[in-house]
Q: 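Would you mind keeping the following structure in view while I ask a few things?
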Protein chains: 2
Amino acid sequence: MARILIVEDEPSIQELIGVTLTRTGHDPLRANDAESALKLMQAELPDLVLLDWMLPGQSGVDLARRLRADDRTRSVPIIMLTARGDEQSKVTGLETGADDYVTKPFSPRELAARIKAVLRRQKPQATEDPVEIEGLRLDPATHRVTANGQAVVLGPTEFRLLHFFMTHAERVHSRAQLLDSVWGDHVFVEERTVDVHIRRLRGALEASGHDALIQTVRGSGYRLSAQKE
Amino acid sequence: MARILIVEDEPSIQELIGVTLTRTGHDPLRANDAESALKLMQAELPDLVLLDWMLPGQSGVDLARRLRADDRTRSVPIIMLTARGDEQSKVTGLETGADDYVTKPFSPRELAARIKAVLRRQKPQATEDPVEIEGLRLDPATHRVTANGQAVVLGPTEFRLLHFFMTHAERVHSRAQLLDSVWGDHVFVEERTVDVHIRRLRGALEASGHDALIQTVRGSGYRLSAQKE
DNA sequence: GCATGCCGTCACCAAACCGTCACCTTGCTG
DNA sequence: CAGCAAGGTGACGGTTTGGTGACGGCATGC
């Protein structure tokens, strides 16, 4: 149903993705590098872009930036394919404005699920643009969050956690969802680990003057909310 | 809880997995090779398959491919057990359609965690839409009920109870029906417990300005109604 | 090698929530 | 209007859930 552009230089992976997409009722377009991807998009905008982190010539990150900088392509959601375990790239990737990440090696089912989720999330659109809430500002380059001139340094995990909250504010997220979105697929940690990071993040935010930004919804999870209740 | 099929020719490992599964509240089925596994699945589909990479006769990889090629078994998630940790076999494993892999030797804890993760991903979030009625707005995404701009915090049970009332408004529900729908059919609690929760819910709604929304029908049960009578 | 920082896990504590009961109020029936 | 049945309500332990401090492991940098 949906037109999905695959930008991936490795033929076998491109093929695997293509088959998966077709089987789940999508319409795959293929490109091997950034240039041909751009050319394809000139003709008609796809509904979603699957973008490999590493590409020959221009990297996937650069391409993502270009897509985000162009008014015409800004609204097209992007899912990044990245090798796993690279903390730095995960954080850098946040700058590019990708909507989701899938770490290689990935399962076709996992990929399909995330595509579905991103496409569904498109409809309400409206917000979830840049990261700008409550005077909070995230700086991916330095892992810092500045608030009221007060800057606090966060650990990588807390940084990604806060970033996720800021791009999905007001909604309640279960520990499972947070593990999925912030820690990533294929990682196995206890759900209670989320609690601890929430606590550390709260501590950091508090130190920067913001209080009670992250609320607990008993039995359901956590939420970042602008208004205290 | 979940029926999990173990396909593993080594008895000691099969036993270890079986114990682990039972301990984590699952229901293990066992098969020693691909053929008996297929036969077992003919009878009833399991919720998940734990598949050894190496099997006598037909390898686990082949079995995975066969399961993925068959419409009937395609939806069953697969976790691969592989002896070697090398990246290549992991990639291959996922290409065959496995949802995750665990490398031997594995810790029972890791296995349990991955099973949980895969099963969790199977049923995605129930993406419930907000329900709105008579100035009341109940939004599962934020887990909030707002009335006239006033947000009220509810406990989990009260939340489910109100949700049920709002999606089944204007009808009278007996305590038995409410226990069935809100608490679940396998829970054993006194019917009078419903009364108490009704009271708590009424209190919360009253605090938000809404009064007499939930009416008592003597001898029959309760009803949520827009117009007061 | 040693120090540092981050992370995941655990043990323990506090608070929230829940089911039940006892007792009171309401409403129906004769 | 007496008597009874059904529902309302406040209180109380028990259980579950989340908060928090501490600890060991691992990686990184010196």
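Order of the sequence lines sets the chain letters (A, B, ...), proteins ahead of strands, with each chain counted from 1. Side chains are part of it too, since the values below use all heavy atoms of this structure and drop only hydrogens, waters and symmetry mates. Just so it is clear, the model here is predicted, and its values are computed rather than measured.
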Q: Please check if atom CZ in B:Arg74 has more than 12 non-hydrogen atoms from other residues, nucleotides or ligands closer than 6.0 Å.
A: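 Enclosed.
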Q: Scan nucleotides 25-30 of chain D nucleotide by nucleotide, 5' to 3', and note B when protein non-hydrogen atoms come under 4.0 Å of the base, S if they reach only the sugar-phosphate, - if neither.
A: ------
Q: Salt-bridge test for A:Glu190 and B:Lys116: reply yes if a basic N is under 4.0 Å from a carboxylate O, no otherwise.
A: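 Between B:Lys116 and A:Glu190 there is no salt bridge, as every charged N stays at least 4.0 Å from the carboxylate O atoms.
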Q: So if I take residues 186-197 of chain B and measure heavy-atom distances to DNA chain C, which residues fall below 4.0 Å?
A: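 Nucleic-acid contacts, sorted: B:Val189, B:Glu190, B:Thr193, B:Val196, B:His197.
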Q: Rounded to whole angstrom units, what separation is found between the CD1 atom of B:Ile198 and the P atom of D:dG10?
A: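 Result: 16 Å.
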Q: Starting at the 5' end of DNA chain D and moving along, which residue's nearest nucleotide shows up first, A:Thr216 or B:Gly219?
A: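 Final value for this comparison: B:Gly219.
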Q: Among B:Ile78, B:Ile6, B:Thr82, B:Leu81, whose side chain to side chain contact (heavy atoms under 4.5 Å, CB included) with B:Leu51 holds?
A: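 The option that passes is B:Ile78.
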Q: Take the protein atom CD of B:Glu110 and the nucleotide atom C1' of C:dT9, then report the distance between them rounded to whole Å.
A: 16 Å
Q: Take the protein atom CH2 of A:Trp183 and the nucleotide atom C1' of C:dT9, then report the distance between them rounded to whole Å.
A: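 Nearest whole value for this atom pair: 13 Å.
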Q: Quick one: the side chain of A:Arg200 and the base of C:dG8, do they pair up donor-acceptor inside 3.5 Å?
A: yes
Q: Do any of residues 158-165 of chain B sit with a heavy atom less than 4.0 Å from DNA chain C, and if so which?
A: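 Residues of residues 158-165 of chain B under 4.0 Å from DNA chain C: B:Glu158.
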Q: Just verifying a value: how many Å separate A:Phe188 CZ and B:Glu110 CD, rounded to the nearest 0.5 Å?
A: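 So the gap between those two atoms works out to 4.0 Å.
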Q: Answer yes or no: side-chain N or O of B:Arg199 and base N or O of D:dT9 forming a donor-acceptor pair under 3.5 Å.
A: no
